[in-house]
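This chain uses plain numbering: 1 for the first residue, then up along the sequence.
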Amino acid sequence: QVQLVESGGGLVQPGGSLRLSCAASGILSRFYVMGWYRQNLGKQRELVATMTSGGITNYGDSVKGRFTISRDNVKNTVYLQMNNLTPEHADVYSCDAHDPNNYWGRGTQVPVYS
């Protein structure tokens with residue numbers, strides 16, 4: 001019943017910016033934690049950023065100072081502002097949420113090409 005739908009991905013040039021969105025449905029209350037992971041080319045997923053419903057954030061070391069996570073608790077949506085993108089950031093980014101059950105979105109692709 002719970003569904004996470006990502007949007008906002010798309011081709012971007014190096015130095016460009018994107019804003020990813022993940023909208024949750026099928027839940028009456030807020031998820032405790034929502035965030036983003038990158039699929040890391042089929043290897044183990046890598047933490048990008050998470051935020052609790054109370055506003056506590058956690059960032060992966062590779063994106064600190066470059067990406068910013070935010071949440072709209074009324075809309076039950078989490079965002080990822082991605083600035084100054086480089087080809088190393090190219091990946092599929094998946095939304096994650098737990099309450100404490102864990103859910104995953106299908107992912108949104110972020111190609112970074114010159």
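- For Tyr59, the ring-ring contact (aromatic ring centres under 6.0 Å, His included) test picks out no residue, with sequence neighbours left out.
- The ring-ring contact (aromatic ring centres under 6.0 Å, His included) check on Tyr93 picks up nothing, with sequence neighbours excluded.
- Other members of the cluster containing Tyr79 do not exist, because no ILVMFWY side chain is joined to it at under 4.5 Å.
- Contact of the Leu4 side chain with the Phe31 side chain is registered, since non-hydrogen atoms from C-beta on lie closer than 4.5 Å.
- A distance of 4.0 Å separates OG of Ser94 from CD of Gln39, quoted to the nearest 0.5 Å.
- Applying the salt bridge (charged side-chain N to carboxylate O under 4.0 Å, His left out) definition to pairs two or more places apart or across chains, those involving residues 54-68 are Asp61-Lys64.
- Contacts of Ala23 classified as side chain to side chain contact (heavy atoms under 4.5 Å, CB included), with partners at least two apart in sequence or in another chain: Thr77.
- Scanning for salt bridge (Lys or Arg N to Asp or Glu O under 4.0 Å) contacts around Arg38 gives Asp91, with sequence neighbours left out.
- In the hydrophobic clustering of ILVMFWY residues, with side-chain heavy atoms under 4.5 Å counting as a link, Val92 and Val48 come out apart.
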Can you list, pair by pair, the side-chain donor-acceptor contacts under 3.5 Å of residues 104-114, counting residues two or more places apart and other chains?
{"unit_1": "Trp104", "atom_1": "NE1", "unit_2": "Asn102", "atom_2": "OD1", "d": "2.9"}
{"unit_1": "Thr108", "atom_1": "OG1", "unit_2": "Gly9", "atom_2": "N", "d": "3.2"}

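- Looking at every heavy atom in both residues, Gly8 comes nearest to Leu18 through O-CD2, 3.8 Å.
- Met82 contributes atom CE, which lies 8.5 Å from atom CH2 of Trp36 (distance to the nearest 0.5 angstrom).
- Cluster annotation: Val78 is connected to Leu20 through the hydrophobic network of ILVMFWY side chains, with a link wherever side-chain heavy atoms come within less than 4.5 Å.
- Apart from Ile56 itself, the hydrophobic cluster it occupies contains nothing, where clustering links Ile, Leu, Val, Met, Phe, Trp and Tyr at side-chain heavy-atom distances under 4.5 Å.
- The side-chain hydrogen bond (donor to acceptor under 3.5 Å, both in side chains) analysis of residues 8-35, with sequence neighbours excluded, yields the pairs Ser17-Asn83.
- Tyr37 and Leu85 are assigned to two separate hydrophobic clusters, defined by single-linkage of ILVMFWY side chains at heavy-atom distances under 4.5 Å.
- Within the structure, no pair that satisfies the salt bridge (charged side-chain N to carboxylate O under 4.0 Å, His left out) test touches residues 72-88, not counting sequence neighbours.
- Tyr103 and Leu47 are not part of a single hydrophobic cluster, where members link through side-chain heavy atoms under 4.5 Å apart.
- Contacts classified as disulfide bond (SG atoms under 2.5 Å apart) and involving residues 24-69 (residues at least two apart or in different chains) are not found.
- Applying the side-chain hydrogen bond (donor to acceptor under 3.5 Å, both in side chains) definition to pairs two or more places apart or across chains, those involving residues 42-56 are Glu46-Ser62.
- When all heavy atoms are compared, the tightest approach of Met34 to Cys95 is CE-SG, 4.3 Å.
- One finds the CD atom of Glu6 at 10.0 Å from the CG atom of Asp96 (value rounded to the nearest 0.5 Å).
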